[in-house]
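In what follows, chains are A, B, ... by sequence order, proteins preceding strands, each numbered from 1.
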Amino acid sequence: MVNLSGNFALFKATIKSQMAYKTDYAISLVFGIIRPLILLAVWGTIYIGTGLSTIGGLTLASTAAYFFLAIPVTMSTNEDVVEIMQGDIQQGAIASSLVKPMSYPLGVICRSLGGVSLNVVLLALPLMLLSIAVFHLALTPSMVLLFVVELIIGSAFLHIVNFIIATLSIQLTNVYGMMITMWDITTLLSGATIPLNFFPAAVQHVLLLLPFSMVCYMPVMTLLGMVSEAQVLSGIAITLAGTALLAVAAYFWWRHVAKMMGSAGG
Amino acid sequence: MDHVIDVKNVSKKFKAYENKGSGLFSFRRKSYLKRALNGVSLTIDKGETVALLGKNGSGKSTLIKIMCGILFPTSGSVRVLGLDPWEQRISLSRRIGVVLGAHGQLYWDLPAIDTFELMRKVYGIPKSDYQGRLDYYLDLLELRDVYKRQVRTLSLGEQMKCNFVASILHNPELVILDEPTIGVDLPSKQALRTAILESRKENGTTFLLTTHIVEDITMADRILALDKGNVIFDGSKRKLETLFGNKKVVELEFSETPDYDKYVELGKITKVEGNYLRMEADPKVLTSARFTRLLSKGNIIDYRVGEQDLSGILMRLYKVRGAKAPRGEGHG
Ligand SMILES: Nc1ncnc2c1ncn2[C@@H]1O[C@H](COP(=O)(O)OP(=O)(O)OP(=O)(O)O)[C@@H](O)[C@H]1O
Ligand SMILES: [Mg+2]
């Protein structure tokens with residue numbers, strides 16, 4: 001039996017507690033504007049230097065729009081699972097969580113979703129609306145619907161992947177190296193810093209078959225109207241299957257590591 | 001009737017690492033199995049208040065975590081309220097309240113009341129019950145001025161008290177407290193004890209607590225002592241006193257410096273200061289003719305007989321019964 005009201009209360013308490021860091025959000029908002037400008041400066045130089053009008057089918061203007069959307073999209077699919085679990089283990093709070101009538105993994109995901117919701121409302125949504133206005137994007141209701149579904153599934157996938165990564169921190173003392181590597185891999189494979197179009201055709205083909213593309217590339221291209229519905233639907237199917245598979249693996253993996261766990265002293 | 005806690009032959013080994021060498025670049029580590037519990041068996045019945053004692057590292061917290069389903073025992077069997085803590089952790093946690101030292105469940109950036117409200121939802125406590133209990137504990141532990149302030153601004157003792165309240169609001173049948181009184185001031189320690197005693201009387205709640213504080217032990221009906229993962233004592237405080245503290249403390253004050261040598265044969269002199277003498281003596285000595293003779297002859301102006309204090313008794317328990325260290329098992 002899932003403790004629904006308990007998990008929902010946990011979700012709300014996390015949001016309330018995160019609100020103590022309002023100023024951090026203001027800073028992140030500024031970064032959300034500066035980061036795409038930097039990426040644009042890099043790729044703009046390449047466009048101008050090579051004299052190409054399109055790279056991988058993207059004009060400089062659509063590349064600009066891509067980066068301004070990629071930042072809020074990754075802000076929405078991002079998660080805090082590793083930080084939450086690492087903190088719980090280091091401070092010994094995991095033991096206190098385990099004496100509550102709730103599933104620990106589910107609780108972690110609810111806490112992460114609390115943070116994600118704030119990111120979406122305070123950062124991603126304003127930045128997306130800004131980009132949509134600046135780049136005059138013509139959105140249809142079906143595009144928006146697909147986009148939202150993509151975000152949810154992309155986020156679910158990342159949560160599960162990072163839950164597995166975080167459980168490794170029970171066995172490794174330093175998970176930060178792994179965390180950063182994972183972050184880099186996600187950034188690369190999801191197209192957050194390099195649109196997948198820029199890769200050679202063969203590589204691009206493989207990357208599109210991976211669920212990571214649902215974390216950034218696919219939702220952004222959906223808003224830009226540059227992928228077909230068929231492509232989006234097959235991407236969603238792949239990600240859903242991958243997520244389900246990983247969720248089953250994560251369930252058994254958690255049952256295994258929990259037994260090995262030393263928990264924190266005291 | 002079934003026992004509230006039934007632990008049979010439980011062992012727990014941790015994989016631990018030891019650094020070889022202490023240099024900055026010595027990364028070679030040796031892994032070995034650290035035995036934290038070594039075949040522990042015990043039972044606790046409904047309504048009992050049991051103090052779990054033992055030196056640092058004796059295995060108290062490990063045993064408690066196994067009872068709560070946080071740790072998986074290497075071998076042996078555990079039943080708490082008829083449930084298997086590992087397999088039925090969630091069902092069990094609805095019925096028990098656990099305070100694990102200073103490791104907070106409180107939201108650091110929010111006032112404690114938010115954590116209390118969270119617990120109301122997590123345990124599904126009816127609103128009226130919740131309000132009544134909350135009011136009771138806020139008054140008892142003097143938390144009225146505290147519970148609406150951000151937890152990070154509270155003192156250690158205030159945090160501990162809020163932590164205690166958050167763990168007990170759902171009115172559990174069994175309460176397990178791992179060092180609940182760290183950093184708590186004397187009046188509040190007393191209040192915590194009152195809360196425990198009242199809950200025991202009103203609801204028949206069973207309590208198991210670990211502590212290093214002698215006064216906490218006085219409210220226990222029974223004492224369990226661990227040493228190096230073995231149970232070295234299980235019985236009442238009375239039994240502990242008769243086994244390990246069967247001496248009376250005799251204090252004498254003289255009008256002039258006496259001949260202390262005469263007293264050496266009566267017992268162990270523990271303090272001499274001017275005309276004051278304190279000794280530990282066998283109760284039999286106190287009724288002996290020799291002693292009464294000394295009393296009447298010696299120029300004694302004051303005379304007191306008391307019990308040995310509990311910390312002395314515990315020191316002796318650890319020394320006399322202290323288990324031999326189990327050998328670590330090399331592991332590559
Ligand atoms: N995760 C772990 N890995 C390795 N060894 C551990 C681990 N947890 C505990 N131990 C060891 O097991 C032994 C028992 O620890 P435990 O925390 O149960 O002691 P304790 O009786 O609660 O001590 P204290 O009074 O200091 O709280 C100690 O020697 C400790 O170092
Ligand atoms: Mg301990």
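- By the 4.5 Å heavy-atom criterion applied to side chains, A:V99 and B:I96 are not counted as neighbours.
- The line from NZ of B:K121 to CG of A:N3 is 11.5 Å long, rounded to the nearest 0.5 Å.
- Annotation: side chain of A:K100 is not in contact with side chain of B:V98 (no heavy-atom distance under 4.5 Å).
- In this structure, CG in B:D114 is found 10.5 Å from NZ in A:K12, a value given to the nearest 0.5 Å.
- Other residues, nucleotides and ligands place no more than 12 heavy atoms under 6.0 Å from the CH2 atom of A:W183.
- Contacts with chain B (heavy atom to heavy atom, under 4.5 Å) involve these residues of residues 15-30 of chain A, listed by number: A:K16, A:S17, A:A20, A:Y21.
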Under 3.5 Å, side-chain donor or acceptor atoms of residues 122-131 of chain A against the rest of the protein: list the pairs with distances, not counting sequence neighbours.
unit_1, atom_1, unit_2, atom_2, d
A:S131, OG, A:F68, O, 3.2
A:S131, OG, A:L127, O, 2.8

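- The most heavy-atom pairs under 4.5 Å with chain B, out of A:A9, A:S5, A:A13, come from A:A13.
- Interface remark: B:K60 contributes no atoms to any contact with chain A (heavy atom separation under 4.5 Å).
- Annotation: maximal heavy-atom pairing with chain A below 4.5 Å, among B:M119, B:R89, B:K12, occurs at B:R89.
- Using a 4.5 Å cut-off between heavy atoms, A:L4 makes no contact with chain B at all.
- In this structure, chain A has no heavy atom under 4.5 Å from any part of B:W108.
- Atoms CD1 and CG, on A:I94 and B:L100 in that order, are 12.0 Å from each other to the nearest 0.5 Å.
- When side chains are defined from C-beta on, B:V122 counts as touching A:P101, because their heavy atoms get closer than 4.5 Å.
- Looking only at heavy-atom pairs under 4.5 Å with chain A, the residue among B:I64, B:L110, B:T74, B:N56 that has the most is B:L110.
- Heavy atoms from other residues, nucleotides or ligands lying under 6.0 Å from CZ of A:R35 number 12 at most.
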